Protein chains: 2
Amino acid sequence: MNKRQAQKQFTREKIIAAAKQIFIEKGIINTATSQIAEAAGIAHGTLFLHFPNKDSLVVELLDAELSKFSNNIKQLIVETADVNILLSQYLDIIQAEEGFFSSLARELPNYKDELRRKILFRESLIREHFHQVIEKGIEQNIYAQVDIPSALTFLFGTINYYLSLKTSFVQQGSVIEKFKPSIIKTMKDLLLPVQ
Amino acid sequence: MNKRQAQKQFTREKIIAAAKQIFIEKGIINTATSQIAEAAGIAHGTLFLHFPNKDSLVVELLDAELSKFSNNIKQLIVETADVNILLSQYLDIIQAEEGFFSSLARELPNYKDELRRKILFRESLIREHFHQVIEKGIEQNIYAQVDIPSALTFLFGTINYYLSLKTSFVQQGSVIEKFKPSIIKTMKDLLLPVQ
DNA sequence: CCAATTAATGAGTATGCACTCACCGAGCAA
DNA sequence: TTGCTCGGTGAGTGCATACTCATTAATTGG
């Protein structure tokens with residue numbers, strides 16, 4: 001890679017980093033492209049050499065975040081046998097990525113149709129992971145009592161609702177929760193399709 | 001009231017009715033004042049004879065809705081002794097007013113500070129009613145298992161979270177839920193102050 | 001070393017929006 | 001009837017913002 005290409009890549013990364021931070025702080029709708037450019041230390045016009053429009057910057061950022069996120073989860077699922085530990089660590093990972101995702105989820109209903117559709121399609125990726133975690137839980141027939149981080153209530157509204165449909169019982173002094181059998185089918189149906 | 005005054009009042013009501021409907025359909029942020037005027041069948045400029053700006057139209061509409069809502073709840077609390085019935089009917093009333101409130105709640109994080117502050121201040125009205133319902137529940141020491149309508153998850157995010165911290169037990173064949181005692185104080189603290 | 005390439009610049013354009021104001025005409029008081 | 005009042009009108013203004021493009025300057029290949 002020659003000097004020009006390296007410089008171009010560097011600029012692109014500055015834009016993405018700046019965009020992510022400002023989007024988390026102020027939301028996407030309330031962030032002007034000129035502000036992103038300023039924060040990245042480049043001219044306003046430069047931003048549009050790297051991204052054809054604001055929406056594509058959002059989508060690209062989302063894809064990058066999802067890719068990191070997805071790799072972490074995949075590894076976790078392969079490595080962790082115990083569902084209690086798996087679910088707990090799974091939620092830790094979600095929480096770590098919380099900022100940008102929840103900023104997206106918060107504003108999602110206000111986006112134009114086109115952008116909203118793109119984001120919702122990608123949300124199904126997250127559902128798929130969650131489904132794998134549930135699969136393991138069903139095999140082992142037990143779930144630990146875990147709070148879905150409240151910031152994810154919106155993104156995972158449906159999941160959260162179904163998580164509340166648990167039966168609970170006490171085992172060795174601590175409360176253990178188990179999904180009602182009738183719920184499991186519905187939950188899987190809900191998590192998988194969409195696209 | 002002479003013909004002129006009557007006409008003015010009529011126009012004002014047309015604006016409010018049109019605004020409410022469009023806000024519910026498309027959200028407040030994505031509705032232009034010119035669209036409200038068009039839906040109300042008046043000139044764009046006329047809207048600003050009745051309301052100094054868009055925000056004040058939103059706030060006025062919110063106050064009107066809250067006032068209706070609040071009167072209904074007050075009456076319900078006075079008339080209904082049984083908490084199970086009270087809570088259930090309380091949620092029915094909320095659900096009936098759901099459209100405009102949830103459109104507000106959905107967009108709230110994206111509003112400018114000034115408008116957001118005004119709306120949050122008014123949300124405390126709703127909290128106060130909810131607190132009275134909880135008070136009655138604490139006296140009677142029992143809550144029916146009730147789903148907070150999912151559309152209200154956002155507006156009542158905190159409340160919803162605390163509602164999940166219940167102990168449950170089976171009585172006469174049906175599940176009865178009771179708040180954990182340690183939660184009740186926290187919940188009361190959370191619901192009352194804010195302003 | 002020179003000409004071609006290309007990343008970067010930032011003033012400029014197009015658009016959409018909240019809000020204004022000079023003007024109009026129906027209703028009212030005399 | 002007459003002149004005034006005032007609600008209504010809609011083209012116009014100012015502003016914010018996404019996006020463009022003629023120009024500049026650094027880098028490259030020959």
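Residue numbers start from 1 in every chain, and the chains themselves are labelled A, B, ... in the order their sequence lines are given, proteins ahead of strands. These numbers were taken from a predicted model, which means no experiment stands behind them. Just the heavy atoms: all of them, side chains too, but no hydrogens, waters or symmetry mates, feed the values below.
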Trainee: Give, for atom NZ of B/Lys118 and atom OG of B/Ser56, the distance between the pair rounded to the nearest 0.5 Å.
Mentor: 7.5 Å
Trainee: Testing the 3.5 Å rule here: is there a donor-acceptor pair between the side chains of B/His44 and B/Thr33?
Mentor: yes
Trainee: Residues from residues 1-19 of chain A sitting under 4.0 Å of DNA chain D, heavy atoms only?
Mentor: A/Asn2, A/Lys3, A/Arg4
Trainee: Tell me: NZ of B/Lys112 to P of D/dC15, nearest whole Å?
Mentor: 16 Å
Trainee: For A/Leu49 and for A/Ile28, locate the closest nucleotide of DNA chain D by heavy-atom distance; then report the residue assigned to the nucleotide nearer the 5' terminus.
Mentor: A/Ile28
Trainee: Can you tell me how far apart CD1 (B/Ile15) and CD1 (B/Ile42) are? Round to the nearest 0.5 Å.
Mentor: 3.5 Å
Trainee: Return the nearest nucleotide to the side chain of A/Ala43; candidates are D/dA18, C/dT9, D/dG7.
Mentor: C/dT9
Trainee: Rounding to a whole Å, what distance do you find between A/His44:NE2 and C/dT13:C1'?
Mentor: 13 Å
Trainee: Can you tell me if B/Gln9 and B/Glu13 form a side-chain donor-acceptor pair at under 3.5 Å?
Mentor: yes
Trainee: Using a 4.0 Å heavy-atom cut-off, does A/Leu47 contact any base of the nucleic acid, only the sugar-phosphate backbone, or nothing at all?
Mentor: nothing
Trainee: Could you check how far CZ of A/Phe48 sits from P of C/dA14, rounded to whole Å?
Mentor: 16 Å
Trainee: Does A/Arg12 come within less than 4.0 Å of A/Glu60, counting only side-chain N to carboxylate O?
Mentor: yes
Trainee: Which listed nucleotide (C/dT9, D/dG8, D/dA18) is nearest to the side chain of A/Thr46?
Mentor: C/dT9
Trainee: Expressed as a whole number of angstroms, how long is the span from A/Ile29:CD1 to D/dA16:C1'?
Mentor: 15 Å
Trainee: How many angstroms lie between CG in A/Asp63 and CZ in A/Phe69, if you round to the nearest 0.5 Å?
Mentor: 13.5 Å
Trainee: Do the side-chain N or O atoms of A/His50 get closer than 4.0 angstrom to the phosphate oxygens (OP1, OP2) of C/dA8?
Mentor: yes
Trainee: Starting at CD of A/Glu25, measure out to CD of A/Gln35 and round the result to the nearest 0.5 Å.
Mentor: 10.5 Å
Trainee: Distance check needed: C/dC17 P versus B/Ile22 CD1, whole Å only.
Mentor: 13 Å
Trainee: Could you give the NZ-to-P distance, from A/Lys54 to D/dT17, as a whole number of Å?
Mentor: 9 Å
Trainee: Round to the nearest Å and state the distance from A/Asn110 atom CG to C/dC17 atom P.
Mentor: 15 Å
Trainee: Measure from the side-chain heavy atoms of B/Thr33 and tell me the nearest of D/dG7, C/dA8, C/dA18.
Mentor: C/dA18
Trainee: From CZ of B/Phe51 over to P of C/dT20, roughly how many Å is that when rounded to an integer?
Mentor: 15 Å
